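All values below come from the heavy atoms of this structure, side chains included, with hydrogens, waters and symmetry mates left out. Everything numeric in this text was worked out from a predicted model, so none of it was measured.
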Amino acid sequence: MMSNKFMWGIGSLAICLLLFFLFRPVQVLVVETEDERMLLKPAAFTIGWVHSVEKEPWYECYEVQNKRFHLYETYFKTYGAGVPSDGEVIQTNDGFIHLKMDLYFPEIMIAASAAVETTLYIGNKEWPLYGDERQSVRLYIETDSFIQIIFKGGFK
């Protein structure tokens, strides 16, 4: 039989580990509109939309680094209004012009609308960021504990 001291030790260790995981700081990707606040696990993601002048799809690829957004690639079908002219061209055969980028942002502000179908892509999931009306969307990194994330509704 195990001694009471050993059982108390195991129980105390389990409680300490549980508290550590519940209260340790975790970075959260926050996607915020006027009506909604969505928490996501920080990961590489893409923002896509249809260019308002060229009427062709446009994508920006980001990753989270040190509580900032790193824009590492953008790709689009044609050069036109608002297209960056700097950045190394990445050769592909997918019909898009890919540019390697190296820009950092503390947050991302988007004017999303159904007219340009602004959409957030993470892995194989997609979240339309637009509704019937044009809306502002803010993406930023927040540090919360797991217990705070649970009380805020958890990850999407």
Who are the salt bridge (charged side-chain N to carboxylate O under 4.0 Å, His left out) partners of Glu56, not counting sequence neighbours?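 Once residues adjacent in sequence are excluded, Glu56 has no partner under the salt bridge (charged side-chain N to carboxylate O under 4.0 Å, His left out) criterion.
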
Inter-residue atom distance [X].[atom1] - [Y].[atom2], 0.5 Å rounding:
{"X": "Ile90", "Y": "Tyr75", "atom1": "CD1", "atom2": "OH", "answer": "11.0 Å"}
{"X": "Leu129", "Y": "Leu139", "atom1": "CG", "atom2": "CG", "answer": "7.0 Å"}
{"X": "Ile108", "Y": "Arg138", "atom1": "CD1", "atom2": "CZ", "answer": "11.5 Å"}
{"X": "Ile110", "Y": "Ile47", "atom1": "CD1", "atom2": "CD1", "answer": "3.5 Å"}
{"X": "Leu29", "Y": "Lys41", "atom1": "CG", "atom2": "NZ", "answer": "12.5 Å"}

Does Tyr130 have any side chain to side chain donor-acceptor pair (under 3.5 Å) partners at least two apart in sequence or in another chain, and if so, which? none

Hits for side chain to side chain donor-acceptor pair (under 3.5 Å) against Arg134, two or more places apart or cross-chain, chain-then-number order -> none

Hey, are the side chains of [X] and [Y] touching, using non-hydrogen atoms and a 4.5 Å cut-off?
{"X": "Met38", "Y": "Trp127", "result": "yes"}
{"X": "Val30", "Y": "Leu39", "result": "yes"}
{"X": "Val116", "Y": "Trp58", "result": "no"}

Shared ILVMFWY cluster between Tyr72 and Ile141, side chains joined below 4.5 angstrom?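 Shared cluster, no.
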
Which Ile, Leu, Val, Met, Phe, Trp or Tyr residues join Tyr104 in one cluster when any pair of side-chain heavy atoms under 4.5 Å counts as a link? none

Which other residues end up in the same hydrophobic cluster as Met109, if Ile, Leu, Val, Met, Phe, Trp and Tyr are linked when side-chain heavy atoms come under 4.5 Å apart?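 Members besides Met109: none; it forms no cluster.
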
Without placing hydrogens or testing angles, list every side-chain donor-acceptor pair under 3.5 Å for residues 95-102, not counting sequence neighbours.
from	atom 1	to	atom 2	distance (Å)
His98	ND1	Glu73	OE2	2.4
His98	NE2	Asp94	OD1	3.3
His98	NE2	Asp94	OD2	2.8
Asp102	OD1	His70	NE2	2.8

Could you note down all residue pairs passing salt bridge (Lys or Arg N to Asp or Glu O under 4.0 Å) where residues 61-71 supplies at least one of them, sequence neighbours left out?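 Qualifying pairs, neighbours excluded: none.
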
Nearest heavy-atom neighbours spanning Gly131 and Ala114: O-CB, 3.5 Å

How close do Glu60 and Thr74 get, counting heavy atoms only, and between which atoms? CG-OG1, 3.8 Å

Below 30° counts as parallel, above 60° as perpendicular, anything between as tilted: where do the rings of Phe69 and Tyr62 land? perpendicular

Test side-chain contact (heavy atoms from CB on, under 4.5 Å) applied to Val137 and Val31, step by step: CA-CA 7 Å; Val137 179; Val31 180; 3.9 Å; yes

Could you pull out all residues at least two apart from Glu34 that satisfy side chain to side chain contact (heavy atoms under 4.5 Å, CB included)? Gln135, Ser136

Which pairs pass side-chain hydrogen bond (donor to acceptor under 3.5 Å, both in side chains) with one or both residues in residues 112-122, sequence neighbours excluded? none

